Amino acid sequence: MKNFSIALIIVLVILGFGSVFVIEEGYRGIVIQFGKVRRDAETGQTIVYEPGIYLKLPFIDTVKQLTSKVQTLDDGANRFVTAEKKDLIVDSYVKWRIKDFATYYLATGGFKDQAETLLKQKVNNGLRTEFGSRTISEIVSGERSELMNKAMKQSAESAVELGIEIVDVRVKQINLPLEISNSIFERMRAERAAVAKEHRSQGREQAEIIRADIDARVTVMLADAERNARKLRGEGDAEAAKIYADTYTKNAEFYAFLRSMDAYRKSFNSKQDVLILEPDSDFFRYMNNTKGKQN
């Protein structure tokens, strides 16, 4: 009897624990009974349990907890073809959450990986349609927001059958495939090299024009300077001749003396010069006179 009582207590405890379930904060719960989702007998709608403590039939009811939080699907980049048959590598992400818990469970078994695999296919189909109807220039221009809105709308309509609500679809980055990027880079480099070559050619041409202009100006300036110098020398020589003439007119002897002094200075300017003259030469006239006076 005692053993029976203990066994009964154990069974009651197990049944007690098996009949209670707790839904955590941030989650919702559904009850699976005989492989079907429990629904309200009157409305026929799925019974979704909010966070709290509830009772269930032990060994008959199975509780499945599903998150009600917004989740992010970010599964790397995908290749899409534009309207001009150009490939693009698009890196995007999707914000989503469960809206119909019964439909979600039946469509995915309650597994997140399965849900994201199916959701990714639907979102990519929407993006493929939108990218396929636009050119690259339209995609990278201001139409990107319109593209995202249409892709989100199309994806949201197809995601209803998964019990999922798409909150947002965003493109993080758009790149060209590596092989196309390399060919574009090479073409751009060739174009830039051609432009640079043309600019250098134009620069050399302009340099030659400027150099020729400067050389012409320098030639003209040198010619003007030479002409002005000759003019000034001529004027100076004329003025000197006039001064000499005036001096000769006023005092011929003093003029002859100055001319002799100037000739002495020029003749004896270099120590290597050698003059062979007779002492009584007229060249030494003033020296002889000076010597005679000193004697």
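None of the values given here were measured: they were computed from a predicted structure. In what follows, residues are counted from 1 in the order of the sequence shown.
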hydrophobic_cluster_shared for F111 and L106, side chain cutoff 4.5 Å: no
Shortest non-hydrogen contact from N125 toward Q154: O-NE2, 4.3 Å
Could you give me the CA-CA distance, side-chain angles and deciding distance for N149 and K153, then say whether side-chain contact (heavy atoms from CB on, under 4.5 Å) is met? CA-CA 6 Å; N149 291 334; K153 182 179 179 181; over 6 Å; no
How long is the gap from CG on L119 to CD on E116, to the nearest 0.5 Å? 7.5 Å
OG1 (T82) and CD (E130) are apart, to the nearest 0.5 Å, by 13.5 Å
Taken in chain and number order and not counting sequence neighbours, the residues that satisfy side-chain contact (heavy atoms from CB on, under 4.5 Å) with K122 are S158, E161, L162
Donor-acceptor pairs under 3.5 angstrom involving side-chain atoms of residues 22-30: please list them, not counting sequence neighbours.
from, atom 1, to, atom 2, distance (Å)
R28, NE, E50, OE1, 3.0
R28, NH1, S68, OG, 3.4
R28, NH2, E50, OE1, 3.3

What one should report as the nearest heavy-atom pair of I166 and A156 is CD1-N, 3.7 Å
What are the two closest heavy atoms between L127 and M148, and how far apart are they? CD2-CE, 3.8 Å
side-chain hydrogen bond (donor to acceptor under 3.5 Å, both in side chains) with Y105: which residues, sequence neighbours excluded? none
Please enumerate all residues that pass side-chain hydrogen bond (donor to acceptor under 3.5 Å, both in side chains) together with D237, with sequence neighbours excluded. none
Mind checking what makes side-chain contact (heavy atoms from CB on, under 4.5 Å) contact with K99, not counting sequence neighbours? E165
Taking only residues two or more places apart in sequence or in another chain, which ones pass ring pair (Phe, Tyr, Trp, His ring centres under 6.0 Å) with F101? none
What one should report as the nearest heavy-atom pair of S155 and G126 is OG-CA, 4.3 Å
Would you call the rings of Y49 and F21 parallel, tilted or perpendicular, taking 30° and 60° as the class edges? perpendicular
Partners of Q33 by side-chain hydrogen bond (donor to acceptor under 3.5 Å, both in side chains), sequence neighbours excluded? D61
Looking at every non-hydrogen atom in both residues, tell me the closest pair between M152 and V167 and how far apart they are. SD-O, 3.4 Å
A102: what forms a side-chain contact (heavy atoms from CB on, under 4.5 Å) with it, not counting sequence neighbours? V37, R39, T46, D100
Going through the distances and angles, do I174 and F131 end up as a side-chain contact (heavy atoms from CB on, under 4.5 Å)? CA-CA 11 Å; I174 299 177; F131 276 101; 4.2 Å; yes
Given the rule in the side-chain contact (heavy atoms from CB on, under 4.5 Å) test, do F80 and D87 qualify, once you have shown the distances and angles that lead to the verdict? CA-CA 6 Å; F80 298 101; D87 287 351; over 6 Å; no
To the nearest 0.5 Å, how far apart are OG1 in T129 and NZ in K150? 11.5 Å
Is there a side-chain contact (heavy atoms from CB on, under 4.5 Å) between N78 and K120 once you walk through the steps? CA-CA 10 Å; N78 293 278; K120 183 180 179 181; 3.8 Å; yes
Side chain to side chain donor-acceptor pair (under 3.5 Å) pairs touching residues 219-229, sequence neighbours excluded, are D224-R227, E226-R230
Let me confirm one number: the NZ-CD1 distance from K56 to I32, rounded to the nearest 0.5 Å. 12.0 Å
Tell me which donor-acceptor pairs under 3.5 Å the side chains of residues 194-207 have, and how far apart each pair is, sequence neighbours excluded?
from, atom 1, to, atom 2, distance (Å)
E198, OE2, Q202, NE2, 3.4

Under 3.5 Å, side-chain donor or acceptor atoms of residues 89-96 against the rest of the protein: list the pairs with distances, not counting sequence neighbours.
from, atom 1, to, atom 2, distance (Å)
K95, NZ, T72, OG1, 2.6

Out of curiosity, does I53 fall in the hydrophobic cluster containing L55 (side-chain heavy atoms, cut-off under 4.5 Å, transitive links)? yes
Mind checking the OG1-CD spacing from T67 to Q65? Nearest 0.5 Å is all I need. 10.0 Å
Hey, what do you get for CG (N175) to CG (L88), rounding to the nearest 0.5 Å? 9.0 Å
Which salt bridge (Lys or Arg N to Asp or Glu O under 4.0 Å) pairs, counting each pair once, include a residue from residues 210-222, with sequence neighbours left out? E208-R211, D213-R217
